[in-house]
Each structure stands twice: as C-alpha cells, then as structure tokens.
*Asks:* 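Dumping the structure here so I can ask a few things about it.
Counting convention: from 1, in listed order, for ligands and their atoms alike. All of these numbers come straight from a predicted model, not from anything done at the bench.
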Amino acid sequence: MRIDVVSLFPEFVSQVAGHGVVGRAQERGLLTIHGWNPRDHAEGNYRRVDDRPFGGGPGMVMLIDPLQAVLKAAREADPRPAHTIYMSPQGAPLTQAKARELAGRERLILLCGRYEGVDERLLQAEVDEELSIGDYVLSGGELAAAVVIDAAARLLPGALNDAESAAQDSFEGEGGLLDCPHYTRPLEHPLGGVPPVLLSGNHAEIARWRRKQSLGRTWLRRPELIDRAALSKADRALLEAFLTELVAPGPE
Ligand code: 9WO
C-alpha cells in the first residue's frame with residue numbers, strides 16, 4: 001500500500017507514522033508513506049498557498065492552484081489510481097469498517113487542510129471522500145491523517161505480530177462492544193485485588209466473565225452500541241446478571 005500525504009507540514013505526519021506498528025509495516029515493505037507540500041507548487045516570490053475568503057470574515061482559505069498542482073504531482077508519482085480523501089470535521093465518521101475498507105486500497109492520498117479550510121471547488125473536483133475522526137476542531141488535518149494511517153496500516157496483512165493479531169481478531173469478533181477490564185501482576189496490590197475468576201483456570205468461565213464485562217461496560221458507557229449489536233439470548237442473560245450485580249453486589 002502507498003499513502004501520499006498532502007500538507008503544509010508533511011514531515012509532521014511521516015514522523016508520527018515512523019513509530020510502532022506503522023513504522024514496522026514500512027520496514028516490512030507493506031506500506032510506503034510520501035509527503036507532498038503545496039508550497040513547493042505555489043507561484044511567485046511569496047509562494048502563497050492561501051488568500052482571504054470571499055464574503056469576508058476572519059481567517060484564510062487554501063488556494064485551488066497549488067493544491068491542484070501538488071495533487072497532480074502526487075498522482076503521477078505512481079501509475080496506480082489513488083483514492084483521495086480530505087480530512088475534515090464535515091466528513092463521514094471514521095469507523096473500524098471504514099479503516100478496513102481503506103486498508104484494502106492500493107493507494108490513498110490524504111489531503112490535510114490548514115487555516116479555515118480549502119476552496120470548495122478544489123474539494124468538488126479532486127476529492128473522492130471527506131472523512132472525520134470525531135466531532136472536534138483541530139488546527140489542521142494532519143493529526144487526523146495520522147489516525148487514518150495508523151488505523152489502516154495495522155490491518156495490512158503481516159503488520160501485526162501473532163498476539164496483536166489475536167487481540168485485533170477478538171475485538172472485531174465482539175461485534176462492536178467495548179473491551180473487558182485487564183489485570184496483570186502483582187496479584188495483591190494496595191490498589192486492590194484481581195477478580196478471582198481470572199485465577200480459576202476455567203477458560204469457559206473466564207470467557208463468560210469477559211463477555212459479561214464487555215456487555216455491561218458497553219451498556220453503561222455506550223448504550224447506542226448495545227442497540228446496534230446483535231445480542232444472543234445468552235448475551236442478554238449475561239447483561240441482565242451484570243446489571244443485577246451492579247445494584248446488589250454478590251460475595252465476589
Ligand atoms: C476553523 C474555524 C474557525 C472559525 C469557525 C469555524 C472554523 N472551522 C474551522 C475548521 O474547520 N478548520 C479546519 C482545520 C479546516 C480544515 C483542516 N482543519 C481541521 C481538520 N480541523 N479539524 C480537522 C479534522 C479532521 C478530521 N477529523 C476531525 C477534525
């Protein structure tokens with residue numbers, strides 16, 4: 001997979017993507033990331049990339065021409081067609097399913113805006129899709145692009161080691177529920193003990209407890225995810241038990 005990042009601070013995104021799983025994916029030849037700066041394609045002594053908005057108001061808007069030129073150069077650097085994404089709070093929400101879809105593409109171009117945004121005509125003409133990583137405003141699209149790269153890169157075949165893959169599979173297998181709590185040594189700590197079931201060695205009981213915790217926490221913290229999840233009869237019984245124990249805690 002190849003990802004081209006178009007940004008006034010392209011090295012910022014490649015820095016973030018140089019570490020951890022994404023860095024390893026690049027070392028393994030699964031992914032290459034290239035940065036492109038619209039300023040390198042701007043004309044004149046001042047190399048302007050922005051101008052004042054028609055209609056007035058504060059701030060600046062990114063010019064069409066430098067962005068069109070830099071996108072052309074990025075596209076021509078590789079013969080494979082590129083799917084072009086603009087990172088903005090006006091976009092469709094990034095989800096695990098969307099990350100999976102993007103990881104299946106051979107080429108992405110991530111366009112990162114700054115200032116008040118990009119001239120709408122450039123977006124209409126050159127962008128396939130607008131993506132948001134959440135309902136908040138950042139100073140630019142770069143951090144959002146880094147999030148998209150991280151979410152997609154870890155889904156490339158071979159990017160994760162066996163333990164990481166198993167964790168990923170089990171997460172996706174939970175069908176959109178939140179994770180259960182985790183514990184490690186020491187067994188006894190001033191902050192408290194560990195749920196005894198995790199020490200029982202009974203793997204079926206442990207799996208039931210984890211599922212119950214996932215269901216309970218999802219109900220408490222993200223009820224809208226419970227509405228969307230297809231819960232089995234056994235799941236409903238586990239959730240019922242979790243909520244009963246919440247009101248009337250048992251001996252454990
Ligand atoms: C700036 C601004 C100033 C006053 C009133 C409204 C305003 N909106 C913005 C704005 O959205 N600026 C953006 C900064 C322009 C495009 C790049 N920027 C950006 C992208 N901020 N946040 C994102 C982003 C991208 C993806 N997911 C979440 C946030």
*Asks:* Flag the pair Arg24 and Glu27 as a salt bridge only when some basic side-chain nitrogen lies within less than 4.0 angstrom of an acidic carboxylate oxygen.
*Replies:* no
*Asks:* Check the surroundings of atom CG in Asn161: do more than 12 heavy atoms from other residues, nucleotides or ligands lie under 6.0 Å from it?
*Replies:*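 Yes, CG of Asn161 has more than 12 neighbouring heavy atoms, counting only those of other groups under 6.0 Å.
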*Asks:* Show the protein residues that qualify under the rule heavy atom under 4.0 Å from an atom of ligand 1, listing them in chain and number order.
*Replies:* Tyr86, Met87, Ser88, Pro89, Gly113, Tyr115, Glu116, Gly117, Leu131, Ser132, Ile133, Gly134, Tyr136, Val137, Leu138, Gly140, Gly141, Ala144
*Asks:* Between the side chains of Arg154 and Glu164, is the shortest nitrogen-to-carboxylate-oxygen separation below 4.0 Å, so that they form an ion pair?
*Replies:* no
*Asks:* Give a yes or no on this: more than 12 heavy atoms of other residues, nucleotides or ligands lie within 6.0 Å of atom CZ of Arg47.
*Replies:* yes
*Asks:* Can you give me the closest heavy-atom contact between Ile226 and Leu215, atom names plus distance?
*Replies:*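 Closest approach of Ile226 to Leu215, heavy atoms only: CD1-O, 3.8 Å.
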*Asks:* How close do Gln26 and Ala17 get, counting heavy atoms only, and between which atoms?
*Replies:*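 Where Gln26 meets Ala17 most closely, the heavy atoms are NE2-O, 2.9 Å.
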